[in-house]
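In what follows, a structure is listed as structure tokens, so that the remarks can point back to it.
Below, chain A is the first sequence line, B the second, and so on; all start at residue 1.
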Amino acid sequence: MVYPLKKMVMMISCKQAVDFISKKEEGRLALNQRIDLRGHLAICHFCRAFDRQNRLLSSVFHKRPDSVDVTLKAEEKQAIIKILEKAADS
Amino acid sequence: MDLAKKQHNVTEWVADFSDGLYAYAAQRVKDNHTAQDLVQETFLAAWRNVDGYTGEASVKTWLFTILKNKIIDQYRKASKRKTDSLDGDSPFFDEGDHWRDGFCPQDWGTNAASRMETKEFYAVFDGCKGKLKEVHSAVFTMKYLDGLESKEICKVLGLKSSNYWVLIHRAKVQLRACLEMNWFTR
């Protein structure tokens, strides 16, 4: 697509670009915003890094395994049992 | 079976299920102390309502259902206190809305992906998630750990979609920065 140079100069800011990157992930980015984002990413290596890293993180966040080594101490379990027994007495 | 006997069973379930419930809750609420309280409340609720347990679902499923509702209640409370998290400028950008010095995304190197999905990475991840405001952490957890749709999250927390959008965005931007500092460029 031939894109007017004037438009290219009126770049979106990094803050907007980062907003757009999140919106893109949620499927909420309009066509003109996608074009603005692409223009910004072409010249801004910080936002390019952000975009790449954001995609990488999103792809692993949902793979967070259940922790198996997070456990209650014996006395903490005992405390719960005590509370239940106390409830039984009242 | 009489009520006292049934209630005695609940006491025995503590040994079988408290660790699983605790691990589940610890990943989803702001600290381990809160997780512990929720597990305790879960057993107490089970004990009080044990007559309502029909045996259709397994004990484990029943207890987890109770716990999940208690976690959602926590999220709702955090969501009601959210107002302060919706305004205020981001520390990441300067007056011109460009990356502020010291906050610019750094190079993570070519092997960033292979260094993730390890126990050590997720420990740092948990630490970073723990630093988020509770409401940010709540929407993040519902979206990524529980895989809920944004519509569902808005409904459960009573959020407007524009508010949800700001919250999930801020959560991710902050998590990225924290992970960069404490893991990827460490």
Side chain to side chain contact (heavy atoms under 4.5 Å, CB included) evaluation trace for Gln7(B) with Leu84(A): CA-CA 8 Å; Gln7(B) 288 179 332; Leu84(A) 295 178; over 6 Å; no
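Between Phe184(B) and Leu57(A), the closest side-chain pair of non-hydrogen atoms falls below 4.5 Å. Using a 4.5 Å cut-off on side-chain heavy atoms (C-beta onward), Leu56(A) and Trp108(B) make contact. Residues Asp19(A) and His169(B) have side chains in contact (heavy-atom distance under 4.5 Å, counting atoms from C-beta outward). Side-chain atoms of Lys77(A) and Asp19(B), non-hydrogen and from C-beta on, do get closer than 4.5 Å to each other. The shortest distance between side-chain heavy atoms of Glu76(A) and Val39(B) does not fall below 4.5 Å. Looking only at side-chain heavy atoms (C-beta outward), Lys63(A) and Tyr122(B) come within less than 4.5 Å of each other. For the pair Gln53(A) and Leu179(B), the minimum side-chain heavy-atom distance is 4.5 Å or more. Proximity of Trp99(B) to Val18(A): side-chain heavy atoms (C-beta onward) are separated by under 4.5 Å at one or more points.
Interface residue Ala113(B): backbone and side-chain heavy atoms are both found under 4.5 Å from chain A. Heavy atoms of Gln16(A) lying under 4.5 Å from chain B are absent altogether. Neither the backbone nor the side chain of Glu12(B) comes within contact range of chain A; no heavy atom of the residue lies under 4.5 Å from a heavy atom of that chain. Heavy-atom distances place the side chain of Arg28(A), and not its backbone, under 4.5 Å from chain B. Residue Phe43(B) touches chain A through both its backbone and its side chain, counting heavy-atom pairs closer than 4.5 Å. For a residue to count as touching a neighbouring chain, one of its non-hydrogen atoms must lie under 4.5 Å from one of that chain's; by this rule Tyr24(B) does not touch chain A. With a 4.5 Å cut-off on non-hydrogen atoms, Ser58(A) touches chain B through its backbone and its side chain both.
In this structure, Arg48(B) places its CZ atom where only 12 or fewer heavy-atom neighbours from other residues, nucleotides or ligands lie under 6.0 Å away. More than 12 non-hydrogen atoms from other residues, nucleotides or ligands lie less than 6.0 angstrom from CG of Asn111(B).
Within residues 139-151 of chain B, the residues having any heavy atom closer than 4.5 Å to a heavy atom of chain A are Phe140(B), Lys143(B), Tyr144(B), Leu145(B), Ser150(B), listed by residue number.
In terms of heavy-atom pairs under 4.5 Å with chain A, the best-connected choice from Gln40(B), Gln27(B), Arg176(B) is Gln27(B). With chain A as partner, the option from Val14(B), Val173(B), Val10(B) having the largest number of non-hydrogen pairs under 4.5 angstrom is Val14(B). Chain B forms the most heavy-atom pairs under 4.5 Å with one residue out of Ser22(A), Ser13(A), Cys47(A), and that residue is Ser22(A). Highest contact tally toward chain B, considering only Cys44(A), Ala74(A), Cys14(A), is held by Cys14(A) [criterion: heavy-atom pairs under 4.5 Å]. The candidate with the highest count of non-hydrogen atom pairs below 4.5 Å against chain A, out of Asp94(B), Leu21(B), Asp126(B), Asn32(B), is Asp126(B). With chain B as partner, the option from Asn54(A), Leu72(A), Ile80(A) having the largest number of non-hydrogen pairs under 4.5 angstrom is Leu72(A).
Rounded to the nearest 0.5 angstrom, Trp47(B) CH2 and Glu85(A) CD are separated by 10.0 Å. Residue Ser18(B) holds its OG atom at 10.5 Å from CD of Gln78(A), rounded to the nearest 0.5 Å. For the atom pair Lys23(A) NZ and Trp165(B) CH2, the distance stands at 5.0 Å (nearest 0.5 Å). To the nearest 0.5 Å, atom CE of residue Met11(A) and atom NE2 of residue His98(B) are 9.0 Å apart.
Here the closest heavy-atom approach between residue Pro105(B) and residue Phe50(A) is recorded as CG-CB, 4.0 Å.
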